[in-house]
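Below is one structure, written out as structure tokens, with a few remarks after it.
Residues: numbered from 1 along the sequence shown.
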Amino acid sequence: MNKWMWIGKFLIVIAAALVLGEVLGSLALFKSATLGTAKVTAGSLVRFIAHAGALVLTFMLGQRLTEQIRALDGGMARLADPVLALVTLIITVSAYLVLISFSAPFLSEGVRTMLDWVFILGILAAAVWLVWTLFQNSEAVMEAIGKSGKPKTG
């Protein structure tokens, strides 16, 4: 069980980054300081940095989780690919939301459209990858679902 404790550490740091970003971003000093345009404040920059940092930490969590799952014996190791694909999909969708929420005032219509389509293609690719890995590893997924529904004995 101790070899899974690192997950809690990551979750605590991710939560702390998000909470700290919101708290600092809501301070009057950060709300009033602008960055070239009234639409972009120091508060929005702090939130962007906090959210981006949380995304990087989430990506690192997913990578380490995948490595640890691959080290498991038997069919459970086959869950690593679907987990990595799911984390990639979550990160891709979240990265778009974080990036657009901060950069929208700076983007021209053409750049915004191009950025939207880059992320649309990335999200679709991650979704297809997730479905494919679930199909390829369906036996392991069904086994994991079956084990999660059984009461623990011991």
Side-chain angles (χ1 to χ4, degrees), residues 4-26 30-31 34-72 74-149:
W4 294 94
M5 289 298 291
W6 59 268
I7 294 173
K9 292 177 183 180
F10 267 94
L11 294 177
I12 288 169
V13 174
I14 291 167
L18 293 173
V19 168
L20 193 56
E22 288 303 314
V23 168
L24 291 176
S26 66
F30 287 87
K31 285 182 173 179
T34 61
L35 299 169
T37 175
K39 293 180 181 180
V40 181
T41 65
S44 62
L45 177 62
V46 167
R47 284 186 187 95
F48 172 73
I49 292 169
H51 292 160
L55 281 175
V56 169
L57 288 167
T58 303
F59 177 74
M60 292 169 59
L61 169 70
Q63 291 291 325
R64 184 157 177 201
L65 181 62
T66 300
E67 290 172 12
Q68 193 149 340
I69 291 172
R70 280 198 175 103
L72 295 174
M76 295 302 281
R78 293 183 57 205
L79 292 175
D81 289 337
V83 166
L84 184 59
L86 177 61
V87 168
T88 302
L89 179 59
I90 292 168
I91 294 293
T92 306
V93 170
S94 300
Y96 174 75
L97 297 173
V98 168
L99 183 61
I100 282 301
S101 69
F102 178 73
S103 65
F106 301 117
L107 300 176
S108 68
E109 188 63 33
V111 172
R112 170 73 188 257
T113 300
M114 183 181 69
L115 186 63
D116 288 348
W117 276 103
V118 166
F119 273 94
I120 287 169
L121 294 174
I123 291 167
L124 286 175
V128 167
W129 181 30
L130 175 59
V131 170
W132 180 251
T133 60
L134 287 171
F135 175 74
Q136 290 292 105
N137 300 287
S138 58
E139 296 86 11
V141 172
M142 290 187 299
E143 180 182 332
I145 292 170
K147 283 184 180 180
S148 70

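What you find for A50 and A17 is that their closest heavy atoms are CB-O, 3.3 Å. Annotation for F30 and L24: closest pair CD1-O, 3.2 Å, computed over non-hydrogen atoms. Between V111 and L107, the shortest heavy-atom contact is CG1-CD2, 3.6 Å. The heavy-atom pair separating K31 from T41 by the smallest distance is O-CG2, 3.2 Å. Between I69 and V83, the shortest heavy-atom contact is CD1-CG2, 3.8 Å. What you find for V98 and A52 is that their closest heavy atoms are CG1-N, 4.1 Å.
Rounding to the nearest 0.5 Å gives a distance of 4.5 Å between CH2 of W6 and CG of L65. Summarising the geometry, atom OG1 belonging to T133 is positioned 8.5 Å from atom CD belonging to Q136; distances are rounded to the nearest 0.5 Å. Of the inter-residue distances, the one linking L20 atom CG with I49 atom CD1 reads 11.0 Å to the nearest 0.5 angstrom.
Below 30°, between 30° and 60°, or above 60°: for W132 and F135 the angle between ring planes is between 30° and 60°, a tilted geometry.
Between the side chain of R47 and the backbone N or O of F102, no donor-acceptor pair lies under 3.5 Å. For S44 (side chain) and V40 (main-chain N/O), no donor-acceptor pair under 3.5 Å exists by modelled atom type.
Taking the side chain as every heavy atom from C-beta outward, T58 and F10 never approach each other to under 4.5 Å. Residues L99 and L115 meet the side-chain proximity criterion, which asks for heavy atoms closer than 4.5 Å. Within the 4.5 Å cutoff, no side-chain heavy atoms of H51 are placed close to those of L55. At least one side-chain heavy atom of W129 sits under 4.5 Å from a side-chain heavy atom of L84. Between D116 and Y96, the closest side-chain pair of non-hydrogen atoms falls below 4.5 Å. Between I7 and R64, every side-chain heavy-atom pair lies at or beyond the 4.5 Å cut-off.
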Practice problem: Go through the steps to decide whether V87 and Q63 satisfy the test side-chain contact (heavy atoms from CB on, under 4.5 Å), and finish with yes or no. | Solution: CA-CA 9 Å; V87 168; Q63 291 291 325; over 6 Å; no
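Screening L86, T92, I90 for a side chain to side chain contact (heavy atoms under 4.5 Å, CB included) involving T88 leaves a single residue, T92.
Scanning for side-chain hydrogen bond (donor to acceptor under 3.5 Å, both in side chains) contacts around R70 gives D81, with sequence neighbours left out.
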